[in-house]
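Working notes, structure below.
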Amino acid sequence: MTLRLLFDEIRSRLKQISDELHYPQVEFEVSEAARPEFGDVSCNIAFLLAKTLKKRPLEIADIISKQYQKNKGKFVKEIAAHPSGYVNFVANFSELNNSTITSSMQKRYGDINVGKNLKIVVEHTSVNPNKALHIGHVRNIIIGDTVSKILHKSQYDVRVLNYVDDSGLQVADIIVGFKYGGYSTEQPKGQKFDHYCGDVVYVNMTEKYETDSNLAEKRTLVLKELEEGTSETAKFANDITRKVLDEQLKTCWRLGVTYDCLNFESQVVRSNLWKIVFEKMKSMGIIELEKEGKNEGCWVIKSADEEDKVLVRSNGIATYIAKDIPYAAWKLGMLDDPFYYKKHAEQANGRILWETTLEKTGNKLDFVGEKVITVIDSRQSRLQKLITKIMSDFKSQEGAYFHLGYESVTLSADTAKTLGVDTSGKEAQMSGRKGIYINADDVLDILGKKTYEEAKKRNPDLDELSLVKISEQVAVGALRYAMIKQDLDKIITFDLTESLSLEGDTGPYIQYSYARASRILEKAETEPNFDVSFDGLTTEYELNLVKAIGKFDIQIEDAAKNLSPKIIARYCYELAVTFNTFYEHVKVLTAEDKSLINARLCIVYCFKETLVKALDLLGISSPSRM
RNA sequence: GGGCCCGUAGCUCAGCUUGGACAGAGCACCGGACUUCUAAUCCGGUGGUCAAGGGAUCGAAGCCCUUCGGGCCCGCCA
């Protein structure tokens, strides 16, 4: 809590002055000054008052700043009415430095109580277990993971779920391949099983269905067997999908992503939750049995402004979104939990990964939330809107179920070309079915190779093991940052060549600033001593760094309230730029005197500690050398 | 036909929720800085009718309306 203190102080003093002068109450804004020459903080109060007071903004700004001069408080050094009408403030850095440095040293710096320990579910990843993860999935995973970390730091009680659609058509496709298509259940040497299933079996089988009607029939049969869940086929499919899932999870873990529970669709289907929810919707009048027209004999959701949606076909079989409704209600804790839980794995960070089971031998645990965030790309917006509406009816409360949508990842024309797809210069939609995608593991491998070479060149003294570790950390940092830095409603056009860039606004740039800071502290002759005055920090480079460090909790609050992970990415970048500028202009170890060296060591230390926390939120690790 | 999203520098994007000070970054391009705490860096330069038009406002990239361009979604598939 630092810059926030300055903002709060200014806000409340302005409020006080406005009251003293009997001005009408206005929702004025206290924010960071747009340019250095305007000072550190600006307020637009005079503009807002100008309307009712019928005076020029400057005139009002002038009165207010004169009044403010009488008591400048703890954190303000100067107040000025700018000709434009803004009231501008210069911070009292003697106070701000101390306050920022002291707070940012603390272990839980940046923690902010937005969530008030509310139980919240974040569901993400949710990839069909019949293929490897491609970069489109990576965007989902990284958004979900980052949001869950931000919510955790904002004092929500977060549970992270990964929904495994193990009973759908896509799974049936590869099962047919193994049972009737002649594909071995053993992958070729050197290939991951998930890659084999997706790149070879799934893609090839999809082609074969086009020409072989016999196989297509088998698929319908297999799909039915999967849903019933008792047959030999279902058991076989279960073995296969779990094998694929475990390979997918390796990729997620490689990206630094962990979960609390795997929820298997097949078990949701067999749990009979649907029946309960179906009856509930009937009794609430949410769905109706259509008596006539094209949907005759179906249970549908009526919609005034959109097409009616069929939930139960005229043959009595539920459509696929009918699986999502009980699951959504389950996530919100609105149904008696039919599941038991057994341990699936212990993840690298010590977090236990559980999985649902219907066997009563498992534990009874709690993975539901008062609020639920489901991360799914915006192509599903229509269906998610329906589910959101049904959930708010169920709960008689708006906003408990939230669809966090985002635009998809497409491939650049050049990258599509490397897959043999000619788009005549336009970007290409990815398709697992058609084999148009870039696998996540492959991207990480290619990035890793490049970062390994770079790291080796720069650090000839480092051993092989360290180099490999660093290169992997940087590769993951590069990919994660690229996936999170832009807004959710912007399409990411993925270009393989461009993604290898490690300069400028990238993850590695930020990580590099951390490595630089680490080396300064490592090479310093003494540990930083914080029991001193920081008045000696006076250059713009030092003060800007202090200010940047002091913004952390404000950024987290913003990101958490708006579920906008890119805010943290931009903050990390801002921190890194500010530090790199400082680094190039201000010497730490060779500063004029010992006390200045110490004071600078202290801000370098605080920068490093704040950056590592911010990067943690993005799931990006901070190597001390690179 | 209906719905959702996008359009800001050659390219990729911030800024838009909550209107105010000369519209900011990165990449690319041009020039400069490594016997120095790692040059994955820094400093400077070139580059913009904020898609177009209209409206409300003292004031619009931002709010409202219209148009144009691009993407996605609209099955008794999942």
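Naming: A, B, ... by sequence-line order, numbering from 1 per chain.
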**Study point:** Verify stack between A:Y573 ring and B:rA25 base, 5.5 Å, 30 degrees
**Key:** no
Practice item. Select base, sugar-phosphate, or nothing to describe what A:E525 touches, counting heavy atoms under 4.0 Å on all strands. Key: nothing
Point to revise | Distance, C1' atom - from B:rC5 to B:rC42, rounded to whole angstrom | key: 39 Å
Exercise for review: Check the side chains of A:S266 and A:D166 for a donor-acceptor pair under 3.5 angstrom, ignoring hydrogens and angles.
Suggested key: yes
Review point. Rounded to whole angstrom units, what separation is found between the CG atom of A:L411 and the C1' atom of B:rG71?
Key: 15 Å
Check your understanding: How many Å lie between CD1 on A:I484 and C1' on B:rC13, as a whole number?
Key -> 15 Å
Review point. So, does the side chain of A:D165 form a donor-acceptor pair with the base of B:rA78 at under 3.5 Å?
Key: no
Exercise for review: Answer yes when A:D8 and A:R11 have at least one side-chain N-carboxylate O distance shorter than 4.0 Å, and no when they do not.
Suggested key: yes
Check your understanding: How is A:A515 classified with respect to the nucleic acid when contacts are heavy atoms under 4.0 Å: base, sugar-phosphate, or nothing?
Key -> base
Practice item. With heavy atoms under 4.0 Å as the rule, sort A:N44 into base, sugar-phosphate or nothing. Key: nothing
Exercise for review: Select base, sugar-phosphate, or nothing to describe what A:V474 touches, counting heavy atoms under 4.0 Å on all strands.
Suggested key: base
**Study point:** P-based separation of B:rU18 from B:rC64 [nearest Å]
**Key:** 10 Å
Check your understanding: CD1 of A:I491 versus P of B:rG71: gap in Å, rounded?
Key -> 9 Å
Check your understanding: Just checking A:R570: base, sugar-phosphate only, or nothing, at a heavy-atom cut-off of under 4.0 Å?
Key -> sugar-phosphate
Exercise for review: Ignoring backbone atoms, test whether A:K426 places a side-chain nitrogen or oxygen under 4.0 Å from the OP1 or OP2 oxygen of B:rG71.
Suggested key: yes
**Study point:** B:rA78 base / A:T319 side chain donor-acceptor hit below 3.5 Å
**Key:** no
Check your understanding: Which part of the nucleic acid does A:N315 contact within heavy-atom distance under 4.0 Å: base, sugar-phosphate only, or nothing?
Key -> nothing
Check your understanding: Using the P atom in both, what is the distance from B:rG10 to B:rC37, to the nearest Å?
Key -> 41 Å
**Study point:** Donor/acceptor link under 3.5 angstrom from A:E290 side chain onto base of B:rC76
**Key:** no
Exercise for review: Using only heavy-atom distances, decide whether a donor-acceptor pair under 3.5 angstrom links the side-chain of A:S314 to the base of B:rC76.
Suggested key: yes
Check your understanding: Using purine N1 to pyrimidine N3 plus N6-O4 or O6-N4 for Watson-Crick, or N1-O2 and O6-N3 for G-U wobble, both under 3.5 Å, which nucleotide pairs with B:rU17?
Key -> none
Review point. Which part of the nucleic acid does A:K490 contact within heavy-atom distance under 4.0 Å: base, sugar-phosphate only, or nothing?
Key: sugar-phosphate
Check your understanding: Is there a Watson-Crick or G-U wobble partner for B:rG1 with both distances under 3.5 Å, and if so, which one is it?
Key -> B:rC74
Check your understanding: Any cation-pi pair here, A:R516 with A:F579, using under 6.0 Å and within 45°?
Key -> no
Review point. How many Å lie between CD1 on A:I174 and P on B:rA78, as a whole number?
Key: 18 Å
Check your understanding: Should A:R625 and A:E522 be marked as a salt bridge (charged side-chain N to carboxylate O under 4.0 Å, His left out) after you check the CA-CA gap, both sets of side-chain angles, and the distance that decides it?
Key -> CA-CA 11 Å; A:R625 293 186 65 173; A:E522 194 186 309; 5.6 Å; no
Practice item. Have a look at A:K457 and say if it touches a base, only the backbone sugar-phosphate, or nothing, with a 4.0 Å heavy-atom cut-off. Key: nothing
Practice item. Would you mind classifying the nucleic acid contact of A:V586 as base, sugar-phosphate or nothing, using non-hydrogen atoms under 4.0 angstrom? Key: base
Point to revise | Toward the 5' end of RNA chain B, by each residue's nearest nucleotide, A:R382 or A:E407 | key: A:R382
Study note, to complete from the structure: Answer for the Watson-Crick or wobble partner of B:rG44, both distances under 3.5 Å, is B:rC30
Check your understanding: For atom C1', what is the distance between B:rU8 and B:rG70, given to the nearest Å?
Key -> 16 Å
Practice item. Assert yes or no for the condition that the ring centre distance of A:F38 to A:Y86 is strictly below 6.0 Å. Key: no
Check your understanding: Do A:K456's NZ or CZ and the ring of A:Y452 fall within the cation-pi criteria of under 6.0 Å and 45°?
Key -> no
**Study point:** Counterpart base for B:rG59, defined by Watson-Crick or G-U wobble contacts under 3.5 Å
**Key:** none
Check your understanding: For atom P, what is the distance between B:rC74 and B:rA14, given to the nearest Å?
Key -> 26 Å
**Study point:** P atoms of B:rA23 and B:rA51, separation to the nearest Å
**Key:** 15 Å
Point to revise | C1'-based separation of B:rG31 from B:rG47 [nearest Å] | key: 16 Å
Practice item. Using the P atom as the reference point in each nucleotide, state the distance between B:rA25 and B:rC6 in Å, no decimals. Key: 24 Å
Review point. Looking at B:rC74, B:rC37, B:rC42, which one has an atom nearest to any side-chain atom of A:E307?
Key: B:rC74
